[in-house]
S.K.: 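Could you have a look at this structure, given as structure tokens, before my questions?
For the numbers below, each heavy atom of this structure counts, side chains included, while hydrogens, waters and symmetry mates do not.
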Amino acid sequence: VTKALRNALDRAVKDGVKRIAVPGLGTGIGALPKNLVANAMVRVAKGYCAKIEVVFADIDEELIAYVNEAIEREERNNEERTGQDGTGSE
């Protein structure tokens with residue numbers, strides 16, 4: 001999943017794409033665990049946020065809930081890291 005998403009995002013950036021919608025990779029026929037896929041996709045997308053807007057889009061509400069949880073967790077982790085290294089507002 002991570003390799004596929006990185007390849008897709010690298011290509012999109014190279015082609016000048018500004019925004020891309022990404023479905024739950026491997027969660028359909030591949031039957032990969034949705035929570036693990038969501039976590040992996042959010043971690044990969046985080047590395048591209050300065051280059052391209054990544055929008056997670058899927059008809060599976062459970063997957064989107066996992067994606068939202070992963071995004072919130074990443075945001076909390078970033079806030080904790082920022083506060084710990086002295087660059088935050090704490």
S.K.: Can you tell me how far apart CZ (R43) and OG1 (T2) are? Round to the nearest 0.5 Å.
M.R.: 8.0 Å
S.K.: What distance separates E74 CD from R81 CZ, expressed to the nearest 0.5 Å?
M.R.: 6.5 Å
S.K.: Treat each ILVMFWY residue as a node, draw an edge where side-chain heavy atoms are under 4.5 Å apart, and state whether V67 and L36 are in one component.
M.R.: no
S.K.: Tell me the closest heavy-atom pair linking L32 and L25, and the distance in Å.
M.R.: CD1-O, 4.3 Å
S.K.: Heavy-atom distance under 4.5 Å between the side chains of R73 and N39, does that happen here?
M.R.: yes
S.K.: In the structure I gave you, are the side-chain heavy atoms of T27 and D60 within less than 4.5 Å of one another anywhere?
M.R.: no
S.K.: Linking I/L/V/M/F/W/Y whenever any side-chain heavy atoms sit under 4.5 Å apart, do V37 and L9 land together?
M.R.: yes
S.K.: Closest heavy-atom contact between A70 and A38?
M.R.: CB-O, 4.0 Å
S.K.: Tell me the closest heavy-atom pair linking I20 and A12, and the distance in Å.
M.R.: CD1-CB, 4.0 Å
S.K.: I need the D58 CG to K34 NZ distance, nearest 0.5 Å.
M.R.: 8.5 Å
S.K.: Looking only at heavy atoms, which two atoms of I64 and F56 are closest? And how far apart?
M.R.: CD1-O, 4.1 Å
S.K.: Determine, step by step, whether K46 and N78 satisfy the side chain to side chain contact (heavy atoms under 4.5 Å, CB included) criterion, reporting the C-alpha distance in whole Å, the side-chain angles of both residues, the deciding distance to 0.1 Å, and the verdict.
M.R.: CA-CA 11 Å; K46 179 182 170 186; N78 286 342; 3.0 Å; yes
S.K.: If I take atom CD1 from residue I71 and atom CD from residue E75, how far apart are they, to the nearest 0.5 angstrom?
M.R.: 7.0 Å
S.K.: So, using side chain to side chain donor-acceptor pair (under 3.5 Å) as the criterion, who are the partners of N77 when residues are at least two apart?
M.R.: none
S.K.: List in chain and number order the residues that pass side chain to side chain donor-acceptor pair (under 3.5 Å) with E72, two or more places apart in sequence or in another chain; answer none if no residue qualifies.
M.R.: none
S.K.: If I compare all heavy atoms of V1 with all of M41, which pair ends up nearest, and what's the gap?
M.R.: CG1-CG, 3.8 Å
S.K.: Between CG of D10 and NZ of K51, what distance do you get to the nearest 0.5 Å?
M.R.: 6.5 Å
S.K.: Please answer: with hydrophobic residues joined when any side-chain heavy atoms are less than 4.5 Å apart, are Y66 and V42 in the same cluster?
M.R.: no
